[in-house]
J.: 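What follows is a single structure, and I will ask about it in a moment.
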Amino acid sequence: MPIEVRQVSYAYASGVRALADVSLRIGDGERVAFVGQNGSGKTTLVKQFNGLLRPTSGSVWLGGADIATQRISDLARQVGFAFQNPDDQIFRNSVESEVAFGPFNLGLRGASLQAAVDEALGALELARWRDEHPYTLSYAARKLVCIAGVAAMQTPVLVLDEPTTGQDRLGVERIEHLLAARSERGTTVLVVTHDMAFVARNFDRVIVMSAAQIHADGAPSEVFWRDEVLSGAGLEPPPVVRLSQRLGGPRFWTVSGAASALQPRLPDRTSKSTLSEEAGT
Ligand code: ADP
């Protein structure tokens, strides 16, 4: 489902101008990460995509239709949104009913509702907690429950606000697994995040925001090499990018990319000759 943002500005009632004339097009099935300092307008921008906030001026188009003409309940079928703070979202008394709430509201019932809930619980490895009260879980687990609840709605666009905050490695892997599975099915996946290594591993497009505007928009292989843009937005690329920059040659921005790029340059540690050479030194 393509998204088009046309010259959108947004000011909160307090007078803070959080978006200043932002234009942007996101194609069907794209994976896009929004990065930038706190307060740069990332959350305000993604909240425009499903009508959680409406532009002060400009317009947002979803699948070719201006969302100003659509009801929130219709937009909820198109764009699923997982809040940054799970406690802004959770209000049911079991993990299972929390995850079922969104798809139930979209009209799913019976076996299809159960299948959507089971799939989301399974993808995030939450099934064993299905009967627990969400508030007995850790912050990180509550966050996964929220993501599962939004994933269970199976919307064509999935927006996650700071999904990896507070997650350990396993939690991040579960989220990555879910995003990869959704991407494969053609879901448009959008995140707001500070986690640049997460961006590098999972996103094809990075949008850098600063002071209510977009300052860079491109592939990690391009954006991570624009030092002045990153430092202007208070960002640091993943450490492996610094290594790539020092080495010159082909660019890499993930550890696995580094391994592939550097493999030809390293001695083959499995060959007998190398082992015997090592043994002789
Ligand atoms: P980010 O997601 O990049 O941290 P936000 O979109 O949350 O940025 O915030 C952009 C600006 O809008 C900031 O100056 C922030 O303080 C302000 N802001 C965010 N939410 C509100 C709100 N509910 N009321 C007033 N100002 C807000």
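Remember, it's 1-based here, ligands and their atoms both numbered in the order they're listed.
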J.: Would you mind listing every ring-ring contact (aromatic ring centres under 6.0 Å, His included) that reaches into residues 77-118, with sequence neighbours excluded?
T.: F81-F83, F91-F101
J.: Do we see a donor-acceptor contact under 3.5 Å between the side chains of E119 and Q114?
T.: no
J.: When you compare the side chains of S9 and D21, does any donor N or O come within less than 3.5 Å of an acceptor on the partner?
T.: no
J.: Heavy-atom cut-off of under 4.0 Å around ligand 1: list whichever protein residues fall inside it, by chain and number.
T.: Y12, S14, V16, A18, Q37, N38, G39, S40, G41, K42, T43, T44
J.: N93: what forms a side-chain contact (heavy atoms from CB on, under 4.5 Å) with it, not counting sequence neighbours?
T.: S97, H133
J.: Taking NZ, NE, NH1 and NH2 as the nitrogens, is one of them in E96 or R130 under 4.0 Å from a carboxylate oxygen of the other?
T.: yes
J.: Considering only residues two or more places apart or on different chains, which pairs with a residue in residues 82-91 satisfy side-chain hydrogen bond (donor to acceptor under 3.5 Å, both in side chains)?
T.: D87-R142
